[in-house]
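Before any comments, here is the structure.
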Amino acid sequence: MPEEEIFRQRKDKLMRLRQEEGYDPFQQDHWDVKHTLSYVKEHYAFLKEEEWSEDEIQTAGRVMVLRRHGKTAFATFEDENERLQLCFQFDVLGEKDYTFFKKWVDAGDFLGIVGVPFRTQRGELTLSVKKFCLLSKALRPMPEKWHGLKDMEVRYRQRYADMIANPEVRDTFRKRTKIIQTFRRVLDDHGTLEVQTPILSTIAGGANARPFITHHNTLDIDMYLRIATELHLKRLVVGMLGRVYEIGQQFRNEGMDMKHNPEFTSLEVYWPYANYKDMMDLAEEIIVACADELGGRVINYQGTEIDLTPPFRRATMTELVTEHAGIDFSAITDEEARRQAAIRGLEVKPTDTRFDILPVFFEEYVEEELIQPTFVIGHPTVISPLSKRNRENPDITDRFELFINAWEFANAFSELNDPIDQRERFMDQEKKKNEGDEESHPFDEDFVNALEYGLPPTGGMGIGIDRTVMLLTNSKSIRDVIIFPTMKPKDL
RNA sequence: GGAUCGUUAGCUCAACUGGCAGAGCACCUGACUCUUAAUCAGGGGGUUACAGGUUCGAUUCCUGUACGAUCCA
């Protein structure tokens, strides 16, 4: 049947319901839900076959499946958390109500229910319906009851249908919220203030990425959606707000795949008087808290066992490249580094130093090996424009990236607070921009100005929330943990 | 951006080598007072993603487009 026809049939039925019964399901506006279905499942589990309770339960939910047998009918009934069977009987409801039910209630409809718990001959806990109220009608058919909704495109585009058909999807998003709540709890316990900085701004800084551009009509200027919260949050530390964090969406105008959505969610946190090592402890604390919340530190992600028990391994980028690529960058000249890269077919410019090439080797040979949690430290200064230099070796920075399952989970450093150095690094980035690097960091004069007022020594960190949720909910694609993922419009 | 695969009824899927486009669920009508993928009887439902091409004939073969999935950059 073409969808339009089935839809028209349901609309006709609605009209007849209004005319013949004088009842409009869309005018119902309140129902006292005194008990959830979970409550009933929990409190009446003791009932034996054919045993009846005397209690009256008042609840509400959606009819998922109807099984009618003349003067008795069973419904699979579902609320947000649980499924329970309903039993409608002629003898219990009386002729008028039973006929109304039989004639007008369809799968997909919302019902308010007053009923008595009992267990059927076949052993299923059931509510015998004494009264019901048709609270709302479904005009479109429910997705197939047995196979459900599998088409990924429909599931992402019409998440509501996905959630009706696949209740476990609701679990994933509840876990997502639980993870974010856990992030907040740990940060709040450490006296960190949650703040909101602009999503819309005139400079998109704090990371190396292409921004989305939009336009402000009144001011007649182009504006950008933020790619990070870093520079705003550090301004707040200059302003002596103390420990601050922000959890929110970032926007990067880049490719989309299993791990990247143009809009994603991250945490950024900044602590004055702290360094990147303090951020390591915090990262471990947050991740372990989330794992504990969701049921354990040893997890299985798509068949790979990952142990999130701290402390996580700590290793320098140089060590890891030696380990996995067999080349020791601590004892190598720029020329030799370029030669080694060329041998392996890695793309390098003649001006690249060993510090430019080390991260290329890291990406090529090491990243994919970092399955168990690993803090990578010792990033070259040239790829860390906002990070403080290491005191002993100014060519590297006091920074770490945390890798789990070969994904970059967190990025943190002792923040660069030397305004003179910061200005020079921005100028370096400008130079890269002029050489055609579209992801180079824009020069943010006001940020340098803020640093000139004095930023205390500060530890800062960003953690990818979507990836954390993917890992802890065993989700294969970022689209499974973003409730309405970005989709290309389908021209109709 | 490249490669591969996919798109058939509302949903899940068939249709051999190019020969009348099918099933289950859902929907409509009827029967049925303990079913649970209820059952039984009957009925309606299709521009085979879109646009071209080859052919007597295209869901099937070819080209392009759109959207998606997977892998790679």
Side-chain angles (χ1 to χ4, degrees), chain A residues 1-14 16 47-52 63-78 83-95 97-99 101-109 115-129 137-158 160-166 210 253-261 302 345-347 360 363-364 367-368 406 438 476-480 485-492:
Chain A
M1 188 178 297
E3 192 168 14
E4 285 317 305
E5 204 170 322
I6 210 164
F7 185 60
R8 204 182 55 236
Q9 233 169 41
R10 285 282 181 108
K11 278 201 298 189
D12 285 350
K13 188 168 186 175
L14 175 65
R16 282 188 284 117
L47 289 173
K48 297 195 170 56
E49 277 80 29
E50 297 189 73
E51 188 183 352
W52 288 65
V63 175
M64 300 306 288
V65 183
L66 268 178
R67 297 178 290 278
R68 303 182 219 234
H69 314 252
K71 291 197 167 66
T72 299
F74 293 92
T76 304
F77 196 58
E78 188 171 311
R83 283 186 158 202
L84 190 69
Q85 180 167 262
L86 301 180
C87 178
F88 297 81
Q89 284 179 295
F90 185 92
D91 293 345
V92 176
L93 279 164
E95 183 175 0
D97 283 356
Y98 190 79
T99 306
F101 161 77
K102 203 175 160 183
K103 199 165 174 186
W104 302 112
V105 174
D106 295 302
D109 292 355
V116 174
F118 76 107
R119 195 175 292 278
T120 65
Q121 286 168 14
R122 297 294 185 85
E124 174 123 6
L125 185 61
T126 302
L127 276 183
S128 173
V129 178
K137 275 198 82 59
L139 298 182
R140 293 189 190 278
M142 294 295 102
E144 215 255 9
K145 64 183 169 189
W146 187 243
H147 299 94
L149 184 63
K150 289 184 175 172
D151 187 312
M152 291 316 284
E153 187 167 352
V154 178
R155 292 183 58 189
Y156 294 143
R157 286 185 195 278
Q158 301 181 40
Y160 41 90
D162 184 26
M163 288 174 145
I164 293 169
N166 305 303
R210 295 172 66 180
N253 206 341
E254 295 168 349
M256 294 158 68
D257 60 32
M258 302 272 280
K259 268 165 48 199
H260 298 88
N261 194 68
Q302 306 285 317
L346 300 174
E347 208 177 307
V360 175
E363 272 185 44
E364 184 71 20
E367 270 192 26
E368 61 185 2
E438 294 193 66
K476 224 175 150 186
S477 165
I478 192 169
R479 288 181 160 187
D480 296 326
T486 304
M487 296 293 279
K488 212 165 172 177
K490 226 178 169 175
D491 50 15
L492 297 168

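Order of the sequence lines fixes the chain letters, A, B, ..., with proteins taken first and strands second; residue numbering starts at 1 for each chain. Source: prediction; values computed, not measured.
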Nearest-Å distance for atom pair [atom1]/[atom2], residues [X] and [N]:
X: A:Glu153; N: B:rG68; atom1: CD; atom2: P; answer: 6 Å
X: A:His69; N: B:rG30; atom1: NE2; atom2: P; answer: 17 Å
X: A:Met64; N: B:rA26; atom1: CE; atom2: P; answer: 13 Å
X: A:Gln121; N: B:rC34; atom1: CD; atom2: C1'; answer: 5 Å
X: A:Trp104; N: B:rC28; atom1: CH2; atom2: C1'; answer: 14 Å
X: A:Leu66; N: B:rC28; atom1: CG; atom2: P; answer: 10 Å
X: A:Lys259; N: B:rC71; atom1: NZ; atom2: P; answer: 11 Å
X: A:Asp257; N: B:rG2; atom1: CG; atom2: C1'; answer: 14 Å

* **RNA chain B base-pair string [pairs: Watson-Crick or G-U under 3.5 Å; |: paired with another strand]** => (((((((..((((.....[..)))).(((((.......))))).....(((((..]....)))))))))))).
Students often get this wrong, so: under 4.0 angstrom with heavy atoms, is [X] touching a base, only sugar-phosphate, or nothing?
X: A:Lys13; value: sugar-phosphate
X: A:Met142; value: nothing
X: A:Val65; value: sugar-phosphate
X: A:Arg8; value: nothing
X: A:Phe88; value: nothing
X: A:Arg140; value: nothing
X: A:Arg157; value: sugar-phosphate

Pairs under 3.5 Å (N/O, protein and nucleotides 12-14 of chain B):
residue	atom	partner	partner atom	Å
B:rU12	OP1	A:Lys150	N	2.9
B:rU12	OP1	A:Asp151	N	3.0

Nearest-Å distance once atom [atom1] is located in both [N] and [M]:
N: B:rA21; M: B:rG57; atom1: P; result: 15 Å
N: B:rG52; M: B:rA66; atom1: C1'; result: 15 Å
N: B:rC13; M: B:rG6; atom1: P; result: 14 Å
N: B:rU60; M: B:rG53; atom1: P; result: 14 Å
N: B:rU55; M: B:rG42; atom1: C1'; result: 41 Å
N: B:rU7; M: B:rG44; atom1: C1'; result: 26 Å
N: B:rU12; M: B:rA26; atom1: C1'; result: 11 Å
N: B:rC25; M: B:rU39; atom1: C1'; result: 15 Å

Identify which nucleotide among [options] has an atom closest to any side-chain atom of [X], counting heavy atoms from C-beta outward.
X: A:Arg10; options: B:rU33, B:rC27, B:rG68; value: B:rC27
X: A:Thr120; options: B:rC27, B:rG68, B:rC34; value: B:rC34
X: A:Lys71; options: B:rU33, B:rC34, B:rU36; value: B:rU33

* Side-chain donor/acceptor contact of A:Thr72 with base of B:rU35 under 3.5 Å ->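 Counting by modelled atom types and ignoring angles, no donor-acceptor contact under 3.5 Å is found here.
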* Between the base of B:rU35 and the side chain of A:Gln85, is there any donor-acceptor pair under 3.5 Å? ->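 Such a pair exists between side chain and base.
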Tell me whether [X] contacts the main-chain N or O of [Y] through its side chain, where contact means a donor paired with an acceptor under 3.5 Å.
X: A:Arg68; Y: A:Lys102; value: yes
X: A:Asn166; Y: A:Leu149; value: yes
X: A:Lys71; Y: A:Tyr98; value: no
X: A:Glu144; Y: A:His147; value: yes
X: A:Asp97; Y: A:Gly94; value: no

* **Contact under 4.0 Å: A:Arg122 side-chain N or O vs B:rU36 OP1/OP2** =>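 So the side-chain polar atoms of A:Arg122 do come within 4.0 Å of the phosphate oxygens OP1 or OP2 of B:rU36, strictly under.
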* To do: Compare side-chain N and O positions of A:Lys145 against OP1 and OP2 of B:rA26 and report whether any pair is under 4.0 Å apart.
  =>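 So the side-chain polar atoms of A:Lys145 do come within 4.0 Å of the phosphate oxygens OP1 or OP2 of B:rA26, strictly under.
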* Asked: Atom CD of A:Glu254 and atom CZ of A:Arg210: how far apart are they, to the nearest 0.5 Å?
  ->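 So the CD of A:Glu254 and the CZ of A:Arg210 are separated by 8.0 Å.
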* Going by an N to O cut-off under 4.0 Å, is there a salt bridge joining A:Glu49 and A:Arg119? ->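 Judged by the 4.0 Å cut-off on N to carboxylate O distance, A:Glu49 and A:Arg119 do not form a salt bridge.
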* **Contacts of A:Val116 that satisfy side chain to side chain contact (heavy atoms under 4.5 Å, CB included) - sequence neighbours left out** =>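 Residues passing side chain to side chain contact (heavy atoms under 4.5 Å, CB included) with A:Val116: A:Trp52, A:Lys130.
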* **A:Thr76 or A:Phe90, whichever maps to the more 5' nucleotide of RNA chain B** =>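 Looking at RNA chain B, the more 5' nearest nucleotide goes with A:Phe90.
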* Closest-nucleotide 5' rank along RNA chain B - winner of A:Arg67 and A:Pro141 ->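 The 5'-side residue here is A:Pro141.
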* **For the student: nearest non-hydrogen atoms of A:Ala107 and A:Leu66, plus distance** =>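 Looking at all heavy atoms of both residues, the shortest contact is N-CD1, 4.0 Å.
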* To do: Could you check whether the rings of A:Phe88 and A:Phe101 sit parallel, tilted or perpendicular, using 30° and 60° as the cut-offs?
  =>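 Rings of A:Phe88 and A:Phe101: parallel, under 30°.
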* Asked: Looking at A:Thr486, A:Asp151, A:Asp480, which hits side chain to side chain donor-acceptor pair (under 3.5 Å) with A:Tyr156?
  ->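 Considering A:Thr486, A:Asp151, A:Asp480, a side chain to side chain donor-acceptor pair (under 3.5 Å) with A:Tyr156 is found only for A:Asp480.
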* Does the side-chain contact (heavy atoms from CB on, under 4.5 Å) test come out yes or no for A:Arg479 and A:Met256, once each step is laid out? -> CA-CA 10 Å; A:Arg479 288 181 160 187; A:Met256 294 158 68; 3.1 Å; yes
